[in-house]
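Each chain gets a letter, A, B and so on, in the order its sequence line appears, and its residues count up from 1.
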Amino acid sequence: MPIQKPRGTEDILPGQSEAWQYVEQRVREWFTRYRYREIRTPLFEHTELFQRGVGETTDIVEKEMYTFADRKGRSLTLRPEGTAGVVRAFVEHKLYAEPDVVKLYYLGPMFRYERPQAGRQRQFHQIGVEAFGSLDARLDAEVMELAWRIFTDLGVQNLRLDVNSVGCPACRPAYRQALVDQLAGVKDELCPDCQSRLLRNPLRVLDCKQERCKALTQDAPTMLDHLCDSCRTHFSAVREALEALGVPHTVNPRLVRGLDYYTQTAFEFIVEGEGHLAGTICGGGRYNGLVAELGGPDVPGIGFAFGVERLLYVLAAQGTRLPAGGDLDCFVIALGEAAKNQALLLAQRLRAAGLSADIDYLDRKLKAQFKVADRYGARFAVILGDDELARGVVQLKNLATGEQDEVPLAGVAEAVCQRLDRREG
RNA sequence: GCGACUAUGGCGAAGUGGUUAACGCACCGGAUUGUGGCUCCGGCAUUCGUGGGUUCGAGUCCCACUAGUCGCCCCA
């Protein structure tokens, strides 16, 4: 048995990689327009960073981290998410030194030790942004608008934006207690999962999909009713700014995010639909205490991250066509030794002129070379046989229209460029 | 981490204990001289995820492992 890829990993093969490149190129363009700049942080960090940054009691830290000891016995962990590393770098390099809002984006692989399923791998890819240094609700709204812009640009259908406020250290504890008190009365009627949630993370009970639990929590208090003044003011300002930006959204008081560091604004982009078509593709929110928690000054932050696999999955399921690549400008068909030598040189010149070109290396017959040209999606076939070689010309055939004419060997690149209405270069 | 199902050539897929493992697609070659399609002909798995067991005999039964899929937990 040959060695196989590790469980939960994926090879992104030609045909698929083009879609990835397309998505990456589009998001980079949008990020740049909003003045986000790329940051590339290590794929592994000290384990402690995630324990402190993501939260000791989160599932990620408790059971999903790829943790290992290096040769000197240091505990390192493959990053399970992007924010902690970015915040660490932000603090370590004192990017807060300038009195500016710092806008950063990242993209790359993340690692979580989980049972693989559709849309869930052990190595997966996230693209995200983090904006540091402002409490302005307009920034919250702009961050969401940016994500909205990207998803609509890429053609995601049936997209919904849910927003909520999860409060802050000033108001959340009291709410949390109120919720626990309320639910204590019906504890025995909740599903087993919710009974354990009640102890670990009571807010999550509100997010249960069980009908019974939904009913029992129907009139449970919501965070929104318990926000302190500053959180309430902030939340309404966020909604106003979203309205002003024309971003459709739904206030979902039951929206809870899994990571500990969120304060105030929390949001999710959800694709509505049946079965696998549905689900959260992007989550984000504000984390005003995280920078300080990780040893930096008291600088607020807000960001989002989305999974590339899930995004591509949704787009594919919705029938959105993304580039699959494989196009070729010219395929040089050569017959005979001398012509094959010349074909190699001709391909070199075509490429130098900015065209993509390939030749046959398998000594195929003329007919077979034509078939190959078709399979490669070549726009032009350049035919070079003994006769052409002797006369210093080639047959240039447009494979889409079938038109064929003779052009001088020296002018092939120019002729192709002209026909493609493309500048030589 | 728990539960269920699945695993045959590059892909899809028959085969449900008995000698040489259907078929379709793709691919390669040919149907007399240098033009892509179609048609026709030919080729293409000493082998059925891996290892072990039962049996006179296993792709077909059993066990383990690995991997995939689905559900749960959680999440991207």
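- Between the C1' atom of B:rC75 and the CZ atom of A:Arg120 lies a distance of 6 Å, rounded to the nearest Å.
- Taking the six-membered ring for Trp and thresholds of 30 and 60 degrees, A:Phe267 and A:Phe269 have ring planes more than 60 degrees apart, a perpendicular arrangement.
- Under the side-chain hydrogen bond (donor to acceptor under 3.5 Å, both in side chains) rule, A:His125 has a single partner from A:Glu309, A:Glu24, A:Glu10, A:Arg310, which is A:Glu309.
- Nucleotide B:rC61 is matched to B:rG53 when pairs are restricted to Watson-Crick or G-U wobble geometry with both distances under 3.5 angstrom.
- In terms of phosphate contacts, A:Arg115 brings no side-chain nitrogen or oxygen within less than 4.0 Å of OP1 or OP2 of B:rG3.
- When the P atom is used for both B:rG42 and B:rU6, the distance is 38 Å, rounded to whole Å.
- Residues A:Thr41 and A:Ile39 have side chains in contact (heavy-atom distance under 4.5 Å, counting atoms from C-beta outward).
- Between A:Arg122 and B:rC74 there is no side-chain N or O to OP1 or OP2 distance below 4.0 Å.
- Taking a centre distance below 5.5 Å and an interplanar angle below 30 degrees as the stacking criterion, A:Phe306 does not stack against the six-membered base ring of B:rA76.
- A:Phe331 comes within contact range of no nucleotide atom at all, as no heavy-atom separation falls under 4.0 Å.
- In terms of position on RNA chain B, the residue among A:Gly8 and A:Gly307 whose nearest nucleotide sits closer to the 5' end is A:Gly8.
- If you measure from atom CD of A:Gln117 to atom C1' of B:rG3, you get 12 Å, rounded to the nearest angstrom.
- Spacing between atom CZ of A:Phe111 and atom P of B:rC75 amounts to 20 Å, rounded to whole angstrom units.
- Residue A:Gln369 is classed as having no contact, given no heavy-atom separation below 4.0 Å to the nucleic acid.
- Closest contact between the side chain of A:Gln4 and the listed nucleotides B:rG29, B:rA67, B:rG71 involves B:rA67.
- In terms of polar N and O atoms assigned as donor or acceptor, the side chain of A:Arg310 comes within less than 3.5 Å of the base of B:rC75 in a complementary pairing.
- Judged by distance alone, with hydrogens and angles left aside, A:Glu268 brings no side-chain donor or acceptor close enough to the base of B:rA76 to form a pair under 3.5 Å.
- Residue pairs meeting the side chain to side chain donor-acceptor pair (under 3.5 Å) criterion with at least one member in residues 340-351 of chain A, sequence neighbours excluded: A:Lys340-A:Asp360.
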Task: Base-contact (B) and sugar-phosphate-only (S) positions in nucleotides 31-36 of chain B, heavy-atom cut-off under 4.0 Å, - elsewhere - done: ---BBB

